[in-house]
Asker: 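Let me begin by handing over the structure; questions about it come next.
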Amino acid sequence: MILPGDGIGTEVTREAVKVLHRVAGKFGHQVSLSEGLLGGIAIHKTGGPLPQETVDLALKADATLMGAVGLPEFDNVAPEKRPERGLLGIRKALGVYANLRPVRSYKALLDASPLKKELIDGTDMIIVRELNGGIYYGTPRGIFEDGPEPRAVNTMVYTRSEIQRVARMAFHLAQNRCKKVTSVDKSNVLENSQLWRRVVTEVAKEFPDVTLDHLLVDTTAMQLILNPRRFDVLLTENMFGDILSDEGAVLAGSIGMLPSASIGDRKPSGAWVGLYEPVHGSAPDIAGQNKANPFGAIGSVAAMLEYSFGLREEAAAVNRAAEAVLNSGRVTADLKPSGKPATTTEVGDAVVQAI
Ligand code: IPM
Ligand code: MG
């Protein structure tokens with residue numbers, strides 16, 4: 001099921017869907033797609049950011065591919081009426097608790113990053129962000145105007161089982177990579193992080209082949225820039241992961257490059273429940289101009305093929321094609337400080353052709 005959402009979300013999903021049809025055709029698979037409303041467009045058409053119909057379709061679908069949500073006209077409205085609330089709602093409705101955000105440096109983009117080449121070259125990590133809990137969902141929450149002055153409350157809450165399941169996902173991923181998990185918290189200040197650290201340490205015992213270390217989130221923010229190659233799997237809670245993954249985008253050259261996979265439990269078929277979305281937002285400043293970088297959305301298609309359908313070869317074909325286009329220099333303006341940039345459509349067409 002496709003949820004284009006708002007702003008550049010519709011433009012990048014259009015390219016991602018072209019790529020999906022092409023790879024399916026090439027490998028002899030049938031795709032049947034439904035489309036739903038989410039975010040600002042859903043508010044305009046139905047009055048709310050997450051219509052029940054969208055939830056029903058997503059629950060029925062084998063996988064969901066999303067663009068981006070958010071429109072500037074909702075900037076000053078209450079959180080529960082914003083487009084972003086639709087995204088949090090669908091993440092929760094699908095129960096996708098582990099958000100996988102791979103961050104790597106690309107040779108062709110080493111110059112696109114403002115960071116020194118020798119620092120970022122060879123970066124290859126995956127951020128595992130908890131996605132169904134923490135301060136994003138905790139209650140009580142709200143702005144309370146009943147006292148002598150307004151008071152705002154958010155609550156950061158995690159249970160042991162919520163920490164365990166996402167930690168296990170991180171350790172499983174590490175087993176197929178460099179076998180190292182770095183768990184990020186703020187346990188020098190927050191009780192919530194103290195429980196996080198304790199439970200992650202317990203889970204680590206189930207994976208004796210994987211090394212675990214712990215880092216505080218402020219130190220991590222610094223280490224990501226100073227020594228990004230030290231990270232293999234970075235495991236953290238919802239809000240820390242939101243913040244650190246945008247920082248990670250600088251290592252990749254542009255936030256437009258980053259795909260993400262949000263994974264829940266396994267279905268009886270063995271496939272993972274999954275919601276796939278680029279890490280970038282709806283970018284109202286460039287929306288409708290055919291300028292957005294579709295690589296994050298295309299990479300999300302590859303992740304979907306791999307995790308929800310177990311189609312590794314097909315996923316690799318998409319990634320290889322995207323990388324070939326990247327190396328050929330046909331890239332959008334965010335990756336091209338000088339020279340004529342390609343349009344969103346041209347990049348999508350080039351990837352389709354390269355498959
Ligand atoms: C992200 C985004 C979302 C988040 C917003 C749009 C709600 O920033 O996916 O990183 O905070 O999770
Ligand atoms: Mg974010």
Side-chain angles (χ1 to χ4, degrees), residues 3-10 12-13 16 37-43 48-50 54 58 64-103 125-138 141 154 156 158 162 166 184 217 220-221 224 234-252 254-264 274-285 287 292-293 295-297 299-300 303-304:
L3 296 171
D6 304 319
I8 62 167
T10 51
V12 296
T13 42
L37 296 170
L38 180 76
I41 181 163
I43 301 180
L50 179 60
T54 297
T64 302
L65 179 70
M66 207 204 86
V69 297
L71 288 176
E73 66 218 69
F74 298 107
D75 276 354
N76 297 317
V77 308
E80 72 271 14
K81 296 200 179 117
R82 293 178 62 108
E84 288 83 354
R85 188 51 71 90
L87 176 55
L88 301 192
I90 189 119
R91 287 173 176 169
K92 194 79 172 179
L94 290 173
V96 287
Y97 58 80
N99 182 213
L100 280 37
R101 300 188 159 184
V103 176
M125 74 182 88
I126 182 157
I127 298 178
V128 178
R129 167 190 177 194
E130 201 290 329
L131 203 62
N132 271 189
I135 201 165
Y136 272 50
Y137 294 94
R141 69 182 293 162
N154 288 96
M156 191 171 192
Y158 274 110
E162 284 174 324
V166 71
V184 173
V217 63
T220 307
L224 268 177
L234 189 166
L235 165 66
T236 193
E237 66 87 41
N238 205 343
M239 185 168 67
F240 297 162
D242 177 47
I243 297 168
L244 294 176
S245 57
D246 270 30
E247 191 184 351
V250 184
L251 303 166
S254 160
I255 194 163
M257 293 305 297
L258 297 197
S260 92
S262 305
I263 310 285
L275 171 68
Y276 301 86
E277 45 173 310
V279 172
H280 64 71
S282 56
D285 51 327
N293 180 347
F295 281 123
S300 301
M304 177 172 87

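Scope of the values below: all heavy atoms of this structure, side chains included, with no hydrogens, waters or symmetry mates. Order of listing sets the numbers, starting from 1, for every ligand and every atom in it.
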Asker: About how many Å separate CG of Leu87 and CG of Leu131, when rounded to the nearest 0.5 Å?
Answerer: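 Answer rounded to 0.5 Å: 7.5 Å.
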Asker: CG/Asp242 to CZ/Arg129 distance, rounded to the nearest 0.5 angstrom?
Answerer: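 Asp242 CG to Arg129 CZ: 4.5 Å, rounded to 0.5 Å.
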Asker: Is the Mg ion (ligand 2) under 2.8 Å from any N, O or S atom of Asp246?
Answerer: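 It does not; every qualifying atom lies at 2.8 Å or beyond.
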Asker: Of all N, O or S atoms in Asp242, which has the smallest distance to the Mg ion (ligand 2)?
Answerer: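 It is OD1, the N, O or S atom of Asp242 closest to the Mg ion (ligand 2).
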Asker: I need the nearest protein heavy-atom contact for atom 8 (O) of ligand 1: residue, atom name and distance, please.
Answerer: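 Checked against all protein heavy atoms, atom 8 (O) of ligand 1 sits closest to Asp242 OD1, 3.2 Å.
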Asker: To the nearest 0.5 angstrom, please state how far the OG atom of Ser260 sits from the CG atom of Leu100.
Answerer: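 Reported value, rounded in 0.5 Å steps: 8.5 Å.
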Asker: To the nearest 0.5 Å, tell me how far Ile127 CD1 sits from Phe240 CZ.
Answerer: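 Ile127 CD1 to Phe240 CZ: 13.5 Å, rounded to 0.5 Å.
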Asker: Are any of the heavy atoms in Arg129 under 4.0 Å away from ligand 1?
Answerer: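 It does, in that a heavy atom of Arg129 comes within the 4.0 Å cut-off of ligand 1.
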Asker: Looking only at distances, please establish whether an N/O atom of ligand 1 is found under 3.5 Å from an N/O atom of Glu84.
Answerer: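 In this structure, Glu84 places no N or O atom under 3.5 Å from an N or O of ligand 1.
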Asker: Please determine if Arg91 has a nitrogen or oxygen closer than 3.5 Å to a nitrogen or oxygen of ligand 1.
Answerer: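 Yes, Arg91 has an N/O under 3.5 Å of an N/O on ligand 1.
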Asker: Could you give the distance from CD1 (Ile126) to OG (Ser245), rounded to the nearest 0.5 Å?
Answerer: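 Reported value, rounded in 0.5 Å steps: 11.5 Å.
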Asker: Is it the case that Asn238 and Tyr137 place a side-chain donor and acceptor less than 3.5 Å from each other?
Answerer: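 Short answer, no.
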Asker: For Arg101, is the nearest heavy atom under 4.0 Å from an atom of ligand 1?
Answerer: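 Arg101: in contact with ligand 1 (<4.0 Å).
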Asker: Pull out every atom of ligand 1 sitting under 4.0 Å from any heavy atom of Tyr136, numbered as shown with elements.
Answerer: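 The atoms of ligand 1 under 4.0 Å from a heavy atom of Tyr136 are 4 (C), 11 (O), 12 (O).
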